[in-house]
S.K.: 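Quick one: the structure is below, and I'll ask about it shortly.
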Amino acid sequence: RIQGAALPFQSAAPGPVCPAAAQMSGKRQERPPAASASVEAADDAAGAASKKRRAEEAAEVADGDDGDEASGELESEEEEGEEEQVEADGEEEEEDEADGQPKRIWRPGVDEILDGEQLEVEPGTYDMLHRAQVEWPCLSIDILRDELGAQRTAFPMTAYVVAGTQASATADNRIYMMKWSKLYKTKKDGMDSDQEEGDDEESEDDSDDEHEALLEHQGAAHPGGVNRIRSMPQAPHIVATWADTGKVHMWNLQAHRRALDKASEKAPLSVKPIFTSEAHKQEGFALDFSPHETGRFLSGGNGGEALLWEPVQGGWTVGAEKPFAAHEGSVEDVQWKKAGASCNATFASCGSDRCVRVWDIRENSRTKPAVLIKDAHTGDVNVLSWSACVGELIVTGSDDGGFKIWDTRHVDAGAMANFVWHKKPVTSVDWHPTDETVLAVASEDNSVSIWDMAVEDDRPEGTEEAPGESHFPAQLLFLHMGQQDPKELRWHPQLPSVCVCTAASGFNIFKTCNV
């Protein structure tokens, strides 16, 4: 129904920034954008003990959306020049100034927004922020590599993305191959009215439509909900999906990818997978293509096994007879090592047994990993990510709300860093592709945090802190809010420091001012 649509994004004004963090304001149509975040964005999201329940909750969010969203249309308002902030009462502002009291920094998950209170927007916290929705929430997302060039910093930007839905009815599920274009830098944020009027006079000949971000997408029907989706780095039109039916599918979406750039080409809605495996005994979430060997692939399921797929003529050989079987619970995530020694033959897995394992596929034993991190967290280890800059480092995220950084050469020494800061389970982690100390973390507490491990609190002793500032670690660079139940995030490998996040409430693509 929405195949081939070309609809505008909804742009958004930036959220506030504090000495250690920033937040995005909530969506105008669904909740009052009280400066940094709406009350709903600050409220605790319904926790889920398993990944299956989180997928079902995402679909339930879609059921509760209004008719416009159910019809498959994207939010199309361009909010350029509008403040996404609840204006403070004038008398209260005057009182605050008169009292001379320092501004209090709001602590998400700790402080509540009471009646008559608001959070104050700090202009300029985002270099770019756009967001959109499709008909049903997408549990997983991946970046498609393109041929537009590496390290592109000029605006407007263009990104290609693939995502899979979690619809309430099986027949409604789709794979969406998308082109997000005309992603302009966030404009007019923090300008006073005189500046805005001046800009309007200078650009009155410009059409607003010329600066309206667009989402063009092609859909392919998918048998069941999509638990996880991955694109092959060497051939982005080859896409793998973990279906909630317990099957892993491979798709050739070349026609859909081409149709994004050529309006004359039509992509079919009904497509058959080029390969399907039913080797897993239960459904799962773990998938990853090798960035080094074309077609080499991993899948992990709730049955506790990780399978190695090797490409052959006409498909893949799935190593079901020799699974990597050491986890005592579900395998929640797998990822090939991105750099460093033996990266083409090394991968890591994590699971509900609270363990992280590093495997060498050249070894005969499939039950004894090369590296074992036992009790890596106090809860299920949901996600992991290898560093692309320092090949031996890995970050893990857990149900306990924490993330840890490990040097896989010295795991007996314990974690290099341990932050239990989020109030609910961590759902996604990703190392920055070019900055060895920066990483991003998504959590069920409705926030995405960006961290720099190289930052230290070097302020002189006795420096006065703003009220609430001590809640934020020095390494916390930015706190992005406004999305409901974030599921997966990715740094764009070709757009420096641009982050893409999918949530039950839709997609965000943004670049912060300080990364």
S.K.: Give every residue pair that meets the salt bridge (Lys or Arg N to Asp or Glu O under 4.0 Å) criterion with at least one member in residues 382-393, sequence neighbours excluded.
M.R.: K337-E392
S.K.: Verify, without hydrogens or angle tests, whether S505 (side chain) and Q483 (backbone) share a donor-acceptor contact under 3.5 angstrom.
M.R.: no
S.K.: Any salt bridge linking K423 with D445? Criterion: basic side-chain nitrogen under 4.0 Å from a carboxylate oxygen.
M.R.: no
S.K.: Apply salt bridge (Lys or Arg N to Asp or Glu O under 4.0 Å) to the pair E488 and R230, showing each step before the final yes or no.
M.R.: CA-CA 12 Å; E488 193 165 39; R230 289 292 180 265; 2.7 Å; yes
S.K.: Judged by atom type as modelled, is there a donor-acceptor pair below 3.5 Å linking the side chain of R152 to the main-chain atoms of T158?
M.R.: yes
S.K.: To the nearest 0.5 Å, what is the distance between CH2 (W359) and CG (L298)?
M.R.: 11.5 Å
S.K.: Please check this pair: side chain of K338 against backbone of W386, looking for a donor-acceptor N/O pair closer than 3.5 Å.
M.R.: yes
S.K.: Could you tell me which residues satisfy ring-ring contact (aromatic ring centres under 6.0 Å, His included) with W242, sequence neighbours excluded, listed by chain and number?
M.R.: H280
S.K.: Is there a donor-acceptor contact under 3.5 Å from the side chain of W451 to the main chain of Q475?
M.R.: no
S.K.: Would you please indicate if the ring centroids of H471 and W421 are separated by under 6.0 Å?
M.R.: yes
S.K.: How about Y184 and F155: are their ring centres within less than 6.0 Å of each other?
M.R.: no
S.K.: Mind checking whether H480 and Y126 have ring centres under 6.0 Å apart?
M.R.: yes
S.K.: Among I141, L489, I509, find the residue that satisfies the side chain to side chain contact (heavy atoms under 4.5 Å, CB included) test when tested with C501.
M.R.: L489
S.K.: Just wondering, are more than 12 heavy atoms of other shown residues or ligands nearer than 6.0 Å to CD in E456?
M.R.: no
S.K.: When you measure from the side chain of D400 to the backbone N and O of T378, does any donor-acceptor pair fall under 3.5 Å?
M.R.: yes
S.K.: Only one of C350, P425, S398, S428 forms a side chain to side chain contact (heavy atoms under 4.5 Å, CB included) with N382, so which one is it?
M.R.: P425
S.K.: State, with a plain yes or no, whether a side-chain heavy atom of K487 is found less than 4.5 Å away from one of C138.
M.R.: no
S.K.: List for me each residue that meets ring-ring contact (aromatic ring centres under 6.0 Å, His included) alongside W406, sequence neighbours excluded, and say none if there are none.
M.R.: none
